Enquirer: 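Sharing a structure here in structure tokens format.
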2 protein chains.
Amino acid sequence: MAVIGRLSRLQRVVSAELKRTFAAHDLDSASFDVLATLRRSAPPHRLTPTELMKSGMVTSGAISQRLDRLEGRGLVLRTPNEEDGRGVRVSLTDEGRELIDRVLPEHLATERRLLSALTGERRDQFVETLRELLESLEGPAGPAGAACCRNSGRTSGACCAV
Amino acid sequence: MAVIGRLSRLQRVVSAELKRTFAAHDLDSASFDVLATLRRSAPPHRLTPTELMKSGMVTSGAISQRLDRLEGRGLVLRTPNEEDGRGVRVSLTDEGRELIDRVLPEHLATERRLLSALTGERRDQFVETLRELLESLEGPAGPAGAACCRNSGRTSGACCAV
DNA sequence: GTGATGTACCTCACCGCTAAGGTATTGCTA
DNA sequence: TAGCAATACCTTAGCGGTGAGGTACATCAC
């Protein structure tokens with residue numbers, strides 16, 4: 001009870017803070033999420049919209065629109081999927097990769113700063129509790145979002161970058 | 001790093017689950033937040049839009065619109081604030097109070113279920129860590145949202161119900 | 001092969017929130 | 001007490017997300 005309220009509150013405060021970093025690079029959370037997920041994916045850093053959808057925990061419509069915006073800015077590229085005529089593959093353009101490579105270090109620094117109140121031990125405990133809760137709610141395989149992890153060879157990874 | 005991602009992810013999963021409870025009573029998270037905050041406030045359960053704004057961590061425009069919707073459904077009442085000609089006071093109607101009193105127990109049951117994977121001790125640790133993090137980010141007084149707590153006589157309370 | 005079902009993605013109407021700006025009132029200060 | 005900044009709330013344009021629905025392709029059973 002006090003848990004859920006604080007969880008929600010903390011997430012808002014944190015995401016508001018992260019947003020400031022993104023904004024400094026002319027990005028928003030949605031765009032960052034897509035770019036960072038692509039960057040984190042295994043080479044050749046190419047994912048399908050469905051994978052991005054699961055990773056970001058948003059609907060397919062949201063991903064279509066995110067990709068429209070990013071493609072319009074020349075940050076990602078949609079190419080037909082040769083293995084599946086229904087699908088496309090999304091990849092970073094050079095410009096997109098350069099941008100996310102500039103933003104990521106700053107993003108990580110912000111995250112570290114936000115968590116600096118926690119000692120290493122408490123942080124480990126915290127992450128373990130988060131992991132347990134997620135596992136109990138999503139199941140060990142992570143029905144909603146772990147696809148990005150599986151597909152990129154990560155099983156414990158930092159899905160849901162934002 | 002793994003922390004922030006999981007935090008965001010967990011919050012989404014949790015709030016999606018809570019939403020189902022609300023929907024069963026023809027409510028959404030925004031409306032529940034307002035009704036529950038009013039209900040939790042000290043008698044006579046009357047708050048200003050500014051207090052609701054801080055409690056919900058949303059903008060004043062969002063509160064105006066939430067109140068429009070709730071008032072249109074006859075769940076809350078806006079009355080002029082006699083002590084301050086600029087302001088209004090928001091209170092629950094009988095119908096609003098009855099509704100939130102029906103929803104709250106179910107909401108609490110959902111919260112308990114979501115946290116059932118955690119033992120009591122781990123839950124206490126978790127809440128303490130959340131509290132520490134919030135304090136470090138908002139300051140001890142809670143610049144953004146603690147007003148609702150102060151005004152309702154709570155200092156450690158369950159602000160940010162959703 | 002043919003038809004039925006499922007999947008991948010897109011489109012669009014609608015919705016709630018933000019951010020900027022407006023009005024009315026309060027309260028400080030000269 | 002007159003002027004001015006601050007405050008409380010509302011209004012609205014614009015934005016991103018959802019959810020429903022559509023199209024194209026894949027897959028499976030027969």
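Residue numbering restarts at 1 for every chain, and letters A, B, ... go by the order of the sequence lines. As the structure is a computational prediction, the values presented were derived from the model and not from experiment.
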Enquirer: In plain terms, say whether A:Arg131 and A:Glu128 are close enough for a salt bridge, that is, a side-chain N and a carboxylate O under 4.0 Å apart.
Expert: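 Counted as a salt bridge, because a side-chain N and a carboxylate O are separated by less than 4.0 Å.
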Enquirer: Nearest-Å distance, CD1 (B:Ile63) to P (D:dC10)?
Expert: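 Computing the B:Ile63:CD1 to D:dC10:P distance gives 10 Å.
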Enquirer: Given atom CG of A:Leu67 and atom P of C:dT11, what is their separation to the nearest angstrom?
Expert: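 Those two atoms, CG and P, are 11 Å apart.
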Enquirer: Using the side-chain heavy atoms of B:Thr59, tell me which of these nucleotides is nearest: D:dG17, D:dC25, C:dT18.
Expert: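 The answer is C:dT18.
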Enquirer: Whole Å only: how far is the CG atom of A:Asp28 from the P atom of D:dC15?
Expert: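 Distance, rounded to whole Å: 12 Å.
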Enquirer: Do you know the tightest heavy-atom contact between B:Val58 and B:Met53?
Expert: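 The pair with the smallest heavy-atom distance is O-CG, 2.9 Å.
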Enquirer: Hey, which of these two, A:Ser60 or B:Val58, hits DNA chain C nearer its 5' end, going by closest nucleotide?
Expert: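 Looking at the nearest nucleotide for each, A:Ser60 comes out on the 5' side.
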Enquirer: Looking at CZ of B:Arg123 and CG of A:Leu133, how far apart are the two atoms once the value is rounded to the nearest 0.5 Å?
Expert: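 Here the interatomic distance stands at 9.5 Å.
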Enquirer: Could you check whether the side chain of B:Glu83 and the base of C:dT26 have a donor-acceptor pair of N or O atoms closer than 3.5 Å, going by distance alone?
Expert: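 Counting by modelled atom types and ignoring angles, no donor-acceptor contact under 3.5 Å is found here.
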Enquirer: Any side-chain heavy atom of B:His25 sitting closer than 4.5 Å to one from B:Leu99?
Expert: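 A side-chain contact under 4.5 Å exists here.
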Enquirer: Mind calculating the distance between CZ (B:Phe22) and P (C:dC15) to the nearest angstrom?
Expert: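 After rounding, the reported distance stands at 20 Å.
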Enquirer: Please evaluate the base of C:dT7 for a donor-acceptor partner in the side chain of A:Arg86 within a cut-off of under 3.5 Å?
Expert: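 Checked by distance alone, the answer is yes.
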Enquirer: Could you check whether B:Asn81 gets within reach of a base, just the sugar-phosphate, or nothing at all, counting any heavy atom under 4.0 Å?
Expert: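 No contact.
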Enquirer: Tell me the interatomic distance from B:Phe32, atom CZ, to C:dG16, atom C1', rounded to whole angstroms.
Expert: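 In whole Å, C:dG16 C1' and B:Phe32 CZ are 18 Å from each other.
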Enquirer: D:dG16 P sits how many Å from A:Met53 CE, rounded?
Expert: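 Atom CE in A:Met53 sits about 20 Å away from atom P in D:dG16.
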Enquirer: Is the distance from OP1 or OP2 of D:dG17 to the nearest side-chain N or O of A:Arg69 less than 4.0 Å?
Expert: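 Indeed, a polar side-chain atom of A:Arg69 lies that close.
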Enquirer: Could you check A:Gly85 against A:Gln65 and say which one's nearest nucleotide on DNA chain D is further toward the 5' end?
Expert: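 The 5'-side residue here is A:Gln65.
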Enquirer: Please determine if A:Asp68 and A:Arg78 form a salt bridge, counting it only when a charged side-chain N lies under 4.0 Å from a carboxylate O.
Expert: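 Salt bridge flag = yes for A:Arg78 with A:Asp68.
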Enquirer: Taking any heavy-atom pair under 4.0 Å as a contact, classify B:Arg89: base, sugar-phosphate, or nothing.
Expert: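 Result for B:Arg89 = nothing.
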Enquirer: What is the distance, to the nearest angstrom, from the CE atom on A:Met57 to the P atom on D:dT18?
Expert: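 In whole Å, D:dT18 P and A:Met57 CE are 10 Å from each other.
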Enquirer: Using a heavy-atom cut-off of under 4.0 Å over every strand shown, decide if A:Gly61 touches base, sugar-phosphate, or nothing.
Expert: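 The answer is base, as A:Gly61 lies within the cut-off (heavy atoms under 4.0 Å) of a base atom.
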Enquirer: Assign each of A:Ala62 and B:Thr48 to its nearest nucleotide of DNA chain D by heavy atoms, then name whichever residue's nucleotide is nearer the 5' end.
Expert: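 With A:Ala62 and B:Thr48 compared, the 5'-side residue is B:Thr48.
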Enquirer: I need the CZ-C1' distance between A:Arg66 and C:dT11, as an integer number of Å.
Expert: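 Atom CZ in A:Arg66 sits about 17 Å away from atom C1' in C:dT11.
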